[in-house]
Amino acid sequence: MHTVVLTKGVPDFREGKVSFDEDGHLERGNTPTTMNPNDEHALRAALQTRVRHGGRVDVMSMGPPGYTSVLREAMESVYADDLFLISDKQFAAADTWATAITLATAIQHLGEPSLIFAGFKTADGETGHTGPQTCWCLDMPLITHVVALDVDEEAERVRAKRLVEGDVSEIETVEAPLPAFVVADPEFEPSYRTARHRLERKRLRAEARERAETAEEEVTFWDHAELNLDPDYVGLDGSPTIVESVDPIPKAPSEREATVVDPGDPEAMGEVVDELAPFAGGD
């Protein structure tokens with residue numbers, strides 16, 4: 001079983017991490033990059049597939065060279081075999097369509113994986129388009145909002161439970177032939193039913209932690225020339241999206257008021273406890 005997981009690096013929007021210029025625009029160069037949170041669910045789905053059915057897992061991302069840290073994080077999560085970073089100035093400012101064309105070409109470069117996993121939209125763009133559009137380019141069956149997954153290797157089919165219209169109150173079971181493209185929902189819950197599965201996961205985890213120490217040295221870089229992609233169809237030139245306006249991201253609080261409390265002052269400490277009690281659910 002050969003699976004591929006798509007990941008993306010996104011700005012770390014945690015308070016105190018985000019940097020803005022004087023016009024309120026995000027300064028990506030001064031804002032740390034982290035893995036898109038929704039991609040973790042895709043990684044869990046891929047790991048479950050590997051533990052149950054064996055084979056290999058490749059993780060792929062598209063972005064600047066600094067995204068190797070994201071791939072390293074993904075390697076530790078899914079115990080990946082190989083890491084691929086699609087990186088080239090020609091890919092800069094790509095919209096979801098140009099990104100999908102690039103990713104689909106890179107996936108085809110790997111051969112024909114049995115399953116491709118993607119997360120449910122990204123924390124920065126939030127369109128949820130890239131996964132389905134990549135699937136369309138690959139001409140594969142697409143299953144979205146997947147919360148549980150099983151593979152019948154003999155029948156070469158994948159069975160999945162998915163949320164209907166993203167509603168947690170309504171779930172349907174669907175099947176598709178392999179190869180297929182799966183978009184994992186945030187409600188996805190991996191299942192390791194047997195002791196053999198749990199032991200295999202433990203073995204893979206130990207192996208991955210050792211390999212992750214040198215993960216950034218093992219990343220394979222591909223540019224447009226290696227993928228035989230015409231620059232006119234990727235990056236900004238290949239993006240049909242026209243952005244009319246952008247709402248500025250609210251600035252993180254630049255300063256807070258601090259109160260110094262003497263831990264030896266019982267009255268002052270009592271006031272601190274009273275302030276914290278509502279958040280702890282106490283009296």
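As the structure is a prediction and not an experimental result, all values here were calculated from the model.
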Which heavy-atom pair separates [X] from [Y] by the least distance, and what is that distance?
X: Gln90; Y: Pro231; answer: OE1-CB, 3.4 Å
X: Ala46; Y: Val5; answer: CB-CG2, 3.3 Å
X: Pro179; Y: Pro141; answer: O-CD, 3.2 Å
X: Leu227; Y: Thr102; answer: CD1-O, 4.4 Å
X: Gly9; Y: Ser61; answer: N-OG, 4.3 Å

When you compare the side chain of [Y] with that of [X], does any pair of heavy atoms fall below 4.5 Å?
X: Cys135; Y: Ile116; result: no
X: Leu103; Y: Thr134; result: yes
X: Val10; Y: Pro37; result: yes
X: Ile86; Y: Asp88; result: no
X: Phe181; Y: Ile143; result: no
X: Thr49; Y: Met1; result: yes
X: Leu71; Y: Met60; result: no
X: Leu85; Y: Thr220; result: no

May I ask you to decide if [Y]'s main-chain N or O and [X]'s side chain share a donor-acceptor pair within less than 3.5 Å?
X: Asp152; Y: Ala155; value: yes
X: Ser239; Y: Asp95; value: yes
X: Gln48; Y: Ser191; value: yes
X: Asp265; Y: Ala268; value: yes

Task: Sequence neighbours excluded, every pair satisfying side chain to side chain donor-acceptor pair (under 3.5 Å) that has a member inside residues 50-60 - done: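 Non-adjacent pairs meeting side chain to side chain donor-acceptor pair (under 3.5 Å): His2-Asp58, Arg50-Asp81, Arg52-Asp150, His53-Glu153, Arg56-Asp58, Arg56-Asp82.
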
TODO: Determine, stepwise, if the pair Leu138 / Gln108 fulfils side chain to side chain contact (heavy atoms under 4.5 Å, CB included).
DONE: CA-CA 8 Å; Leu138 293 167; Gln108 289 170 330; 3.6 Å; yes

TODO: Could you walk me through whether Thr214 and Glu218 pass side-chain hydrogen bond (donor to acceptor under 3.5 Å, both in side chains), step by step?
DONE: CA-CA 7 Å; Thr214 59; Glu218 299 180 12; 3.1 Å; yes

How long is the gap from [atom1] on [X] to [atom2] on [Y], to the nearest 0.5 Å?
X: Glu216; Y: Met75; atom1: CD; atom2: CE; value: 10.5 Å
X: Arg205; Y: Lys202; atom1: CZ; atom2: NZ; value: 8.0 Å
X: Phe188; Y: Lys161; atom1: CZ; atom2: NZ; value: 11.5 Å
X: Glu40; Y: Thr7; atom1: CD; atom2: OG1; value: 11.0 Å
X: Met62; Y: Ser87; atom1: CE; atom2: OG; value: 9.0 Å
X: Thr259; Y: Glu275; atom1: OG1; atom2: CD; value: 9.0 Å

With a 4.5 Å cut-off on side-chain heavy-atom distances among I, L, V, M, F, W and Y, is there a chain of contacts connecting [X] to [Y]?
X: Ile107; Y: Leu43; result: no
X: Phe221; Y: Tyr67; result: yes
X: Tyr79; Y: Leu110; result: no
X: Phe91; Y: Leu6; result: yes
X: Tyr192; Y: Phe117; result: yes

- [ ] State which residue, out of Val4, Val57, Thr3, fulfils the side chain to side chain contact (heavy atoms under 4.5 Å, CB included) condition with Leu115.
- [x]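 Of Val4, Val57, Thr3, side chain to side chain contact (heavy atoms under 4.5 Å, CB included) with Leu115 is met by Thr3 alone.
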
TODO: Give the C-alpha distance, both sets of side-chain angles, the deciding distance and a yes or no for side chain to side chain contact (heavy atoms under 4.5 Å, CB included) between Glu170 and Leu163.
DONE: CA-CA 6 Å; Glu170 190 173 355; Leu163 306 182; over 6 Å; no

Residue [X] excluded, over 12 heavy atoms near [atom1] under 6.0 Å:
X: Asp262; atom1: CG; answer: yes
X: Glu226; atom1: CD; answer: yes
X: Asp232; atom1: CG; answer: yes
X: Tyr233; atom1: OH; answer: no

Open item on the list: According to ring-ring contact (aromatic ring centres under 6.0 Å, His included), who are the partners of Phe120, at least two apart in sequence or on a separate chain?
Closed with: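 Residues passing ring-ring contact (aromatic ring centres under 6.0 Å, His included) with Phe120: His145.
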
Open item on the list: Test of understanding: with ring-ring contact (aromatic ring centres under 6.0 Å, His included), list the residues that count as partners of Trp222, not counting sequence neighbours.
Closed with: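 Checked Trp222 against ring-ring contact (aromatic ring centres under 6.0 Å, His included); matches are Phe84, His109.
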
Check ion pair [X]-[Y] (N to O, under 4.0 angstrom):
X: Glu172; Y: Arg162; answer: yes
X: Lys8; Y: Asp39; answer: no
X: Arg196; Y: Glu200; answer: no

Open item on the list: What verdict does the salt bridge (Lys or Arg N to Asp or Glu O under 4.0 Å) test give for Arg203 and Glu207, after you've listed the backbone C-alpha separation in whole Å, the side-chain angles of each residue and the deciding distance to 0.1 Å?
Closed with: CA-CA 6 Å; Arg203 184 189 70 79; Glu207 179 182 303; 3.4 Å; yes

TODO: Could you walk me through whether Leu47 and Arg201 pass side chain to side chain contact (heavy atoms under 4.5 Å, CB included), step by step?
DONE: CA-CA 8 Å; Leu47 176 59; Arg201 185 184 179 190; 4.0 Å; yes

TODO: Kindly indicate, with the supporting measurements, whether the criterion side chain to side chain contact (heavy atoms under 4.5 Å, CB included) is fulfilled by Thr144 and Leu142.
DONE: CA-CA 6 Å; Thr144 61; Leu142 171 67; 3.8 Å; yes

